[in-house]
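Proteins get letters first, then strands, A, B, ... in listed order; numbering begins at 1 in each. The figures here come from the full heavy-atom set of this structure, side chains too, leaving out hydrogens, waters and symmetry mates.
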Amino acid sequence: MEQKKGQGKQAQNKEFVKEITPKAVDYSQWYIDVILKTKMMDYAPMKGFMAIRPAGYALWEKIQEQLDRRFKDTGHENAYFPTFIPQNLLQKEADHVEGFAPELAWVTKGGNEILNEPLAVRPTSEAIICDFYSRWIQSWRDLPILINQWCNVVRWEKSTRPFLRTSEFLWQEGHTCHRSEEEAEAETLKMLEVYREFLETEMAIPALAGRKTEREKFAGSLRTYCVEALMTDGRALQAGTSHNLGQHFAKVFDITFLDQDDLLKHVWQTSWGVSTRLIGALIMVHGDDRGLVLPPRMAPTQVVIVPILGKKDRDRVLKSVLELEGRLKESVRVKLDDREEHSPGWKFNEWEMRGIPVRIEVGPRDLDKNQVVLARRDTGEKEFVSNDDLPARLQQLLVEIQEDMLARALEFREANTRRGADYEEFKRIMETERGLYLAPWCGDDSCEEKVKNETRATIRCLPFDMEPEGDKCFACGGKAVEAAYFARAY
RNA sequence: CGGGGCGUAGCGCAGUUUGGUAGCGCACUUGGUUUGGGACCAAGGGGUCGUAGGUUCGAAUCCUAUCGCCCCGACCA
C-alpha cells in the first residue's frame, strides 16, 4: 500500500466543464458529443450499430406516438411482418434487388444446418409484404389495404453516423394497395403531407416537400416524394419519403383483384417511411453549444423543477416543490430533481444540456414572495412568476417556445436558401456556406450527375407548383423545365 | 473500398521517443461540511495497457500480425 494518495491540493477549476465541442469548431464532433453526453446512444461492439439509450428512445416514443395517431386518423392499421425475406422474393423486382443488393445482410445458417435458401434481413419490407398481399387480396372489396409496420431494418452501410445512418435502424413503413392510380397517388401525397405537418407541428422543423429525381428515387418505385430539412451546418437531410410504387410490385408479385367491371386488375401501391434519423434531425436543427434543445411538444420532460435546498430552509422548500410537482403534473410533463448530491448549478447545466424546455427554480427567497423563477432553454431568459399565475403561464410559455423554435428554424432556412442561376456562384456556395440553392434545371440525369461530381451537391427535391426562374438550366445551359433545390446532403 | 487518427480504470487522458513492473482529472464508495449557474475536506475501491505471437533478464513502451472504433471521401433512410 502506498501513501501517495490524497495529496490534498485539488485543481481549482472554476470553469464549466467543457464537455461539448462548440459547433463552430467541429460540427461532427459537436453532434457526437451531444448524443454521447446526453446519453442518447452508445456505440455497439460492432461497427455501424448502436444502442439507443432511454434519453434517445424517449424521443423515438414521442415520434411514434404522434405519428401513429396521425396514421390511425387517416385510416391505417398496424401489423407486423417477418424480419427475414427469402432470396427469391427479394429478387422478383429487378430495380429493387439491384438497389438494395450492396447493403443486404444474409442469414445462411439455421442452427447447425446450412439453409437451402438464404434469408435476407429486411432492408425494407416491400418484397415480403407483397407476397402476403398477393394472397390477401381477391376483390375490389378488399381494397384499399392500409397497413403500417413499426420495426427495425438492416442495411449494411459503408460509412455510418449515429441516428443519421446506421446499419440497423428503427422506422415505420406504410404499405398500401389501391384500386386506381389516382387513389394511390392521392395516398402517396397525403402521407407526405402527414410527414410535413408532423415535422412542423411537433418537431418544429420546417420541411420542404417535393419530388425526387429519377436518380434519387426509391429502387422500384414509379415516383418518390420527400420532405427535406436543412441542418444548421448547411447540409440537407431527407426526413421522410413517400413512394408511389405504381404496379411494378403488383405485377411481379401477382397482386390482383377482380374489379366491379369483372376484369382482373393489378393493384396500385404506395409505401412511405420515416426513421430514427429524425432524432438526428431534431438535434441538428435545434441544438446549440450547450447541448440539446427540445421543442416542448417533443420533450419527454417539458419542465424540470430544481429546488434550492439551503440547510436552514431545506424542509419548507422541499415541501413546496413536492406540492408544486403534484399541482403541475396534470397539465405538463414535469420532473422534480430533488437529488441532494448535486448543487443547483450542476443541475441547471445538466438539464440544459439535455434540452428540457423549461426550468423552474424554487428557493427560500421565492417562497417568501410566493413566486418561482422560470428559465427557458431556447433563449436562456428568466422570469419571475407568482404561484397563482404559474400553471397558465407555463402552458403559454411552452406554446411560445414551440412557436419561436419553429420560427427560428424557418428563419435559418430562409437565410440559407439562395435562388439564382449562376453556376459559378452555386459552386462557391456549396464549397463555403452551403445551404439550399434553388435553380432552374433541365431535368436531365447526366446533368445532375455532372453537378454532383463537380460540387458534391445533389438535387434534394423538385418543389411542387414552382416554375423555374429563367428558361436555361443553370448547370448545362439546356432548356430549363423545372425548379430544383440543390444541396450537399447527409 | 481509399486517406487520416486512435485503442492504457466507467469516461477523458499522460506515460511509448530513451524498455525497469502503471499515473492524473472526472466519475464511483464511506463520513462530514455545503446548496440562487457544474461545492469542499478526508479516507477508499477499481486497470494482466485491444488481441496474438516475437525480441529481451525484464515490454504499455521495440518488432510482426491481427481485430475494432472514430473522422474525411467513393456508394446509400
Original post:
So which nucleotide does B/A42 pair with, by the Watson-Crick or G-U wobble rule with both distances under 3.5 Å?
Top reply: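 WC or wobble partner is B/U30.
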Original post:
Thinking salt bridges, do A/Asp315 and A/Lys319 make one under a 4.0 Å N-O criterion?
Top reply: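 Looking at A/Asp315 and A/Lys319, the cut-off is not met.
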Original post:
Taking the side chain from A/Arg316 and the backbone from A/Leu367, do they hold a donor-acceptor pair closer than 3.5 Å?
Top reply: no
**OP:** Sequence neighbours left out, what pairs pass side-chain hydrogen bond (donor to acceptor under 3.5 Å, both in side chains) with at least one residue falling in residues 296-307 of chain A?
**Re:**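 As it turns out, the side-chain hydrogen bond (donor to acceptor under 3.5 Å, both in side chains) pairs with a partner in residues 296-307 of chain A, which skip direct neighbours, are A/Glu202-A/Arg297.
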What's [X] touching, base or sugar-phosphate or nothing? Going by heavy atoms closer than 4.0 Å.
X: A/Leu164; result: base
X: A/Thr241; result: nothing
X: A/Lys37; result: nothing

Subject >> Nearest to side-chain heavy atoms of A/Thr166, which nucleotide of B/G36, B/C72, B/A77 >> reply: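 In terms of side-chain proximity for A/Thr166, the closest of B/G36, B/C72, B/A77 is B/A77.
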Original post:
Where along residues 360-375 of chain A does a heavy atom fall under 4.0 Å from RNA chain B?
Top reply: A/Glu361, A/Gly363, A/Pro364, A/Arg365, A/Asp366, A/Val373
Original post:
On a whole-Å scale, what distance lies between the P atoms belonging to B/G31 and B/A14?
Top reply: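 Those two atoms are separated by 36 Å.
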**OP:** Whole angstrom is fine here: how far is it from OH in A/Tyr31 over to P in B/C71?
**Re:** 10 Å
**OP:** Provide, to the nearest angstrom, the distance between the CZ atom belonging to A/Arg314 and the C1' atom belonging to B/U33.
**Re:** 15 Å
**OP:** May I ask you to check if A/Arg235 and A/Tyr490 form a cation-pi contact, with NZ or CZ under 6.0 angstrom from the six-membered ring centre and within 45° of the axis?
**Re:** yes
